[in-house]
S.K.: 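Before I ask anything, let me first share the structure, which is written out below as C-alpha cells.
Numbering of ligands and ligand atoms starts at 1, following listing order. For the numbers below, each heavy atom of this structure counts, side chains included, while hydrogens, waters and symmetry mates do not.
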Amino acid sequence: MQSTDNMRGIVSRFETAGTVMEISPLGPGFINDTLIVKCLDGDAEVRYILQRKNHNVFPDVPGMMNNIVMVSDHIKAKVEAAGGDPMRETLTVVRRKADSIAEEEKGLPYHDLYYKDEDGNFWAMCLFIEGSVTYERADTPALAFKGGQGIGKFQAQLADFDIPLSETIKGFHNIRWRFVQWDEALERDAAGRVKDLAEEIGWIESRKEEMLAFWSLVEDGTIPTRVTHNDTKISNILFDKDGEVLCVIDLDTCMSSTSLNDFGDAIRSYTNTGAEDDRDLSKVSMSLEMFKAYAEGYLSERKASMTESELEWLAFSARYITYEQVLRFLMDYIDGDVYYKTNAPDHNLVRTHAQYKLLQSIEDQYEQMKAIIAAC
Ligand code: GN1
Ligand code: MG
C-alpha cells in the first residue's frame, strides 16, 4: 500500500467534498484494494470508497468503470421512479475534478471515471453509503431471504437495460473457456504442484461433461442471457440496520451472462455452514434451510419473468458455480497463486478443499433443492 501522502494525492484528483481527514483500509476483497476516505465538509462528515482496481484481473478498467456508471444510472432512474432514494439504493461513482485531468489524459475513453498513477495503478472512487451493514455470512434464513430478494430486484431493474456492456473478464462464468485456461494451467504447471494434486484434478475432470452440457444450453439460447452481477456473494450486498437490502455493490463484473449464475453464486455463499476457506471441513456443508430462504426471496422478485428453462436449471446453477469456484481456486493454486490474494502458501488449496466439500453437500441435497424450487 502507498504512503499517506500518495494516497492524499490520489484522492485530490477526485470530486470529493471538504477536506480529507483520514484514509483507512476496508474489507477483505480478494481482488481489488479498498479504502475508506473520510472528509469533513463544514461540520458534515462525508465518506467515500477508494479502490485500486486490479488491472491484472480487469484488463480494461476504463471500460469497466463505464459499465458501472451505465448500470448504476439505469438503476438510479428505476429507484427514482419507485419513489426511493437513488443516492442510497445504488452506487454513485465519483468523477475526476475537471482541473486535475491532464492534456494527455483527455483523449482517453472515460478519463473522468478513474485515475492512473505513475506506477500504472488504476484508482476509482464512489460514495460510501452511510448506515449500511455488510455480512461475511448469512446468520439467519430471514437475511438469506432478503439477500435473494435484493439480487432478484437488481436483475429485474436491469431487465430492460439494452446497451451492450464491455466484457470485463473474458469468459468469466463460461466453463468452456475455463477449461481452456485449465488445460493450459496443467500444461504449464508453473509452481510444480500438479504432481501432488491427482485427487483434486480428478474432482474437476469427473464432472467436466455435465458442466459443459449445462453451458451448451446457454450457448444455444435454451437458457437466456441477461445483464447480471456475476459476483453475488453476501458481502457484495449492503443491508440497512433493519436487515433490508439497501444496495448491491461491487459492480465490476456486471455484464451479460445467465441470471442463473447470480443465483448459484449466492447459494455458494449464503448456504455455507462453514467459511469459504475453512480448514475444518466438518464445518462445511450446504444448509437446506438457507437455500429455501434464499430461493424464496429470489423467486418472489423474479419468478414471473423467468423462462421454463431458467426455473428448470435454477438448482443446478448452485452446482455449476460451486464447481467453477473449486476449479478457479485449484487453478490458481496450480498457477502459483497469481489471481486471488492469499494469506498462507496453501490458502488456495484450503479454499479448493472447502469448496469441494460444499459442492459434495450440494450434490447430496440436489433432489431436495429441486423440490423446493418446484414448490415455490
Ligand atoms: C472474488 O472481488 P471479490 O472478493 O468480491 C472473485 C469472485 C469469487 C470470489 C470468491 C473478479 O470476489 O468471482 O467468487 O472472490 N471476483 C473476481 O470469494 O474474480
Ligand atoms: Mg468482486
Side-chain angles (χ1 to χ4, degrees), residues 25-35 49-61 63-65 67-68 71 91 122 124 126 134-138 147 150-151 154 165-175 177-178 181-182 185 228-238 247-258 260-272 274-278 284 317-333 335 337-343 347-359 362:
L26 180 79
F30 293 0
I31 308 290
N32 299 319
D33 295 328
T34 304
L35 299 124
I49 296 291
L50 173 67
Q51 276 194 314
R52 184 172 68 167
K53 299 286 188 183
N54 185 329
H55 60 272
N56 296 320
V57 166
F58 300 106
D60 176 18
V61 175
M64 172 171 90
M65 290 309 300
N67 278 3
I68 296 174
V71 164
L91 283 185
F122 287 82
C126 65
T134 52
Y135 297 89
E136 280 307 308
R137 41 193 303 174
I151 291 298
F154 177 85
L165 289 171
S166 120
E167 191 180 24
T168 58
I169 298 180
K170 180 178 158 64
F172 191 53
H173 287 316
N174 173 342
I175 207 71
W177 173 244
R178 292 290 179 190
Q181 297 178 317
W182 168 253
T228 52
H229 183 281
N230 296 304
D231 189 5
T232 48
K233 62 182 182 187
I234 187 166
S235 55
N236 284 336
I237 289 196
L238 303 182
C247 176
V248 178
I249 57 169
D250 193 359
L251 305 182
D252 296 357
T253 51
C254 236
M255 49 190 161
S256 173
S257 188
T258 154
L260 300 185
N261 290 339
D262 283 355
F263 181 82
D265 200 27
I267 295 306
R268 186 184 76 74
S269 129
Y270 283 80
T271 69
N272 192 347
E276 193 178 70
D277 57 355
D278 230 309
V284 177
S317 70
R319 288 170 58 184
Y320 179 82
I321 289 288
T322 308
Y323 169 87
E324 182 199 278
Q325 195 64 66
V326 179
L327 183 155
R328 290 174 63 198
F329 284 148
L330 182 56
M331 188 161 73
D332 197 31
Y333 184 68
D335 277 337
D337 312 314
V338 291
Y339 187 90
Y340 292 109
K341 289 184 198 166
T342 51
N343 63 20
H347 199 174
N348 273 318
L349 187 61
V350 171
R351 287 167 170 155
T352 303
H353 284 219
Q355 284 293 289
Y356 182 63
K357 178 76 197 304
L358 180 66
L359 175 62
I362 296 176

S.K.: With atoms numbered from 1 as shown, which atoms in ligand 1 lie under 4.0 angstrom from a non-hydrogen atom of D250?
M.R.: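 Those of ligand 1 that fall under 4.0 Å from D250 are 2 (O), 5 (O).
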S.K.: What part of R268, side chain from CB on, backbone N/CA/C/O, both or neither, has a heavy atom under 4.0 Å from ligand 1?
M.R.: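 Only the side chain of R268 comes within reach of ligand 1.
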S.K.: With a 4.5 Å cut-off on side-chain heavy atoms, are Y320 and N261 touching?
M.R.: yes
S.K.: Can you tell me if H347 and D277 form a side-chain donor-acceptor pair at under 3.5 Å?
M.R.: yes
S.K.: Counting each atom of ligand 1 from 1 as listed, which ones have a heavy atom of F58 under 4.0 Å away?
M.R.: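 Every atom of ligand 1 under 4.0 Å from some heavy atom of F58: 11 (C).
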S.K.: As an exercise, identify every atom of ligand 1 less than 4.0 angstrom from a heavy atom of N236.
M.R.: 5 (O)
S.K.: Determine the interplanar angle of the F30 and F329 rings, folded into 0 to 90°, and report it as parallel if under 30°, tilted if 30 to 60°, perpendicular if over 60°.
M.R.: tilted
S.K.: What atoms of ligand 1 come closer than 4.0 angstrom to any heavy atom of K233?
M.R.: 3 (P), 4 (O), 5 (O), 9 (C), 10 (C), 12 (O), 15 (O), 18 (O)
S.K.: Report yes or no: does T168 contribute a side-chain atom to a donor-acceptor pair with the main-chain N or O of M64 at less than 3.5 Å?
M.R.: no
S.K.: Please check if the side chain of D278 supplies one atom and the backbone of A354 the other of a donor-acceptor pair under 3.5 Å.
M.R.: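 Not confirmed, D278 side chain does not pair with A354 backbone.
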S.K.: Mind checking whether I31 and Y339 have side chains closer than 4.5 Å, heavy atoms only?
M.R.: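 Sidechains of Y339 and I31: in contact.
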S.K.: Just jot down the ligand 1 atoms closer than 4.0 angstrom to any heavy atom of Y339, in number order.
M.R.: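 Taking each heavy atom of Y339 in turn, ligand 1 has 11 (C), 17 (C), 19 (O) under 4.0 Å.
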S.K.: Do any heavy atoms of I169 fall under 4.0 Å from ligand 1?
M.R.: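 The answer is yes, since I169 has a heavy atom less than 4.0 Å from ligand 1.
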S.K.: Quick check: do Q355 and R328 have side-chain heavy atoms less than 4.5 Å from each other?
M.R.: no
S.K.: Under a 4.0 angstrom heavy-atom cut-off, which atoms of ligand 1 come close to E276?
M.R.: 10 (C), 18 (O)
S.K.: State whether the shortest distance between N or O atoms of N230 and N or O atoms of ligand 1 falls below 3.5 angstrom.
M.R.: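 So ligand 1 has no N or O lying under 3.5 Å from an N or O of N230.
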S.K.: Which atoms of ligand 1 are found less than 4.0 Å from any heavy atom of D231?
M.R.: 2 (O), 3 (P), 5 (O), 7 (C), 12 (O), 16 (N)
S.K.: What I'd like to find out is whether the side chain of N272 reaches to under 4.5 Å of the side chain of V284, using heavy atoms alone.
M.R.: yes
S.K.: Can you confirm, on distance only, whether ligand 1 has an N/O atom lying under 3.5 Å from any N/O atom belonging to Y340?
M.R.: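 Not met; the criterion fails.
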S.K.: Can you find an N/O atom of I31 closer than 3.5 Å to an N/O atom of ligand 1?
M.R.: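 No.
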S.K.: Does Q325 reach ligand 1 with a nitrogen or oxygen that is under 3.5 Å from one of the ligand's nitrogen or oxygen atoms?
M.R.: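 The answer is yes, given that Q325 and ligand 1 share an N or O pair closer than 3.5 Å.
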S.K.: Tell me whether K233 contacts the main-chain N or O of E136 through its side chain, where contact means a donor paired with an acceptor under 3.5 Å.
M.R.: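 No, because the side chain of K233 does not come within donor-acceptor range (under 3.5 Å) of the backbone of E136.
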